[in-house]
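Notes follow once the structure below has been shown.
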Amino acid sequence: MIAFVSGPVAALAPTTAVVEVGGVGMAVQCTPNTLAGLRVGEQARLATSLVVREDSLTLYGFADDDERQVFELLQTASGVGPRLAQAMLGVHSPDALRLAVSTGDEKALTAVPGIGKKGAQKLLLELKDKLGQPLGSSGLVGQQRAVATGPAPWTDQLTAALVGLGYASREAEEAVAAVTPQAEAALAETGSAPVPQLLRAALQTLNRAR
């Protein structure tokens, strides 16, 4: 198993970072939150999980070991593959997921694209004894801390991801403004802005402008 990769960031894409390790470019699938913290040419260390399929080897990357552990635990639930597990971590931090499962918060899970009401109920049952409580916290204080460590507002996530991909701050802000109606519609419907989809839409507007 490849536990982590460390080296300069050679390239960034909407869902992937390429990290140079010993002269080899390792393509690592990451959430927008993780990608937002990377810059081309700068050193990075990503905790990783290698997913082996008959026709593919896919490396998933995370900001820290805790995020990777939650990613792997999520996949022990029936019907949860690596893509859905990564989508869950793209919407919620590890502690926010622990809090949602420990408190039976269906709405938090249905905010993840691909999870409906019945799916959320099933996940809550299967994951209840696996994820545990938010780390280093309990009771109301723990809930407050988990909320505080949740994902940044979608506008900040999207702007940081675009800047990390090499766009100027002004271009990033204009692209965020262009997809705001789409984000507001999603917020009104599901209570959550789907950052990966918004990032793709923002990139399309930037490509059209160039």
Side-chain angles (χ1 to χ4, degrees), residues 1-4 15 28-35 46-154 157 183 185-200:
M1 175 182 175
I2 302 174
F4 70 90
T15 60
V28 187
Q29 297 288 317
C30 303
T31 65
N33 287 342
T34 300
L35 290 170
L46 296 173
T48 56
S49 179
L50 181 63
V51 176
V52 180
R53 295 286 185 266
E54 288 185 3
D55 58 348
S56 67
L57 295 173
T58 306
L59 199 60
Y60 290 84
F62 309 93
D64 54 40
D65 292 336
D66 181 43
E67 194 170 64
R68 177 187 61 197
Q69 182 181 20
V70 171
F71 170 79
E72 293 173 348
L73 286 172
L74 290 172
Q75 292 176 74
T76 63
S78 59
V80 178
R83 291 186 180 278
L84 183 56
Q86 190 180 52
M88 293 171 75
L89 286 165
V91 174
H92 299 294
S93 70
D95 262 5
L97 282 172
R98 291 187 181 101
L99 180 64
V101 172
S102 64
T103 59
D105 188 351
E106 287 182 22
K107 187 175 181 181
L109 294 186
T110 56
V112 178
I115 298 180
K117 184 177 177 63
K118 289 185 177 179
Q121 293 171 342
K122 186 176 180 182
L123 286 172
L124 289 174
L125 286 174
E126 292 194 32
L127 295 172
K128 188 171 184 179
D129 297 324
K130 296 179 179 180
L131 294 187
Q133 296 294 318
L135 296 182
S137 58
S138 61
L140 182 59
V141 173
Q143 293 182 31
Q144 292 171 339
R145 190 173 299 165
V147 171
T149 58
W154 73 268
Q157 293 181 52
L187 283 167
E189 183 176 347
T190 67
S192 175
V195 175
Q197 292 93 317
L198 292 172
L199 179 57
R200 286 193 288 271

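What you see below is based on every heavy atom in this structure, not just the backbone, and it leaves out hydrogens, waters and symmetry mates.
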Looking only at heavy atoms, which two atoms of [X] and [Y] are closest? And how far apart?
X    : Y    : result
A120 : T110 : CB-CG2, 3.8 Å
V101 : L131 : CG2-CD1, 3.7 Å
F4   : T48  : N-OG1, 3.3 Å

| said: What verdict does the side-chain contact (heavy atoms from CB on, under 4.5 Å) test give for L124 and D105, after you've listed the backbone C-alpha separation in whole Å, the side-chain angles of each residue and the deciding distance to 0.1 Å? | reply: CA-CA 8 Å; L124 289 174; D105 188 351; 5.9 Å; no
Return the [atom1] to [atom2] distance between [X] and [Y], rounded to the nearest 0.5 Å.
X    : Y    : atom1 : atom2 : result
L59  : L50  : CG    : CG    : 6.0 Å
L89  : D66  : CG    : CG    : 9.0 Å
F62  : L46  : CZ    : CG    : 9.5 Å
M88  : L123 : CE    : CG    : 5.5 Å
R200 : T15  : CZ    : OG1   : 7.5 Å
D65  : R68  : CG    : CZ    : 4.5 Å

Name the atoms and distances for all side-chain donor-acceptor pairs under 3.5 Å in residues 70-87, with sequence neighbours left out.
unit_1	atom_1	unit_2	atom_2	d
E72	OE2	S49	OG	3.0
Q75	NE2	F71	O	3.3
T76	OG1	L73	O	2.5
T76	OG1	K130	NZ	3.2
S78	OG	K122	NZ	3.2
S78	OG	E126	OE1	3.4
S78	OG	E126	OE2	2.6
Q86	NE2	Q29	O	3.1

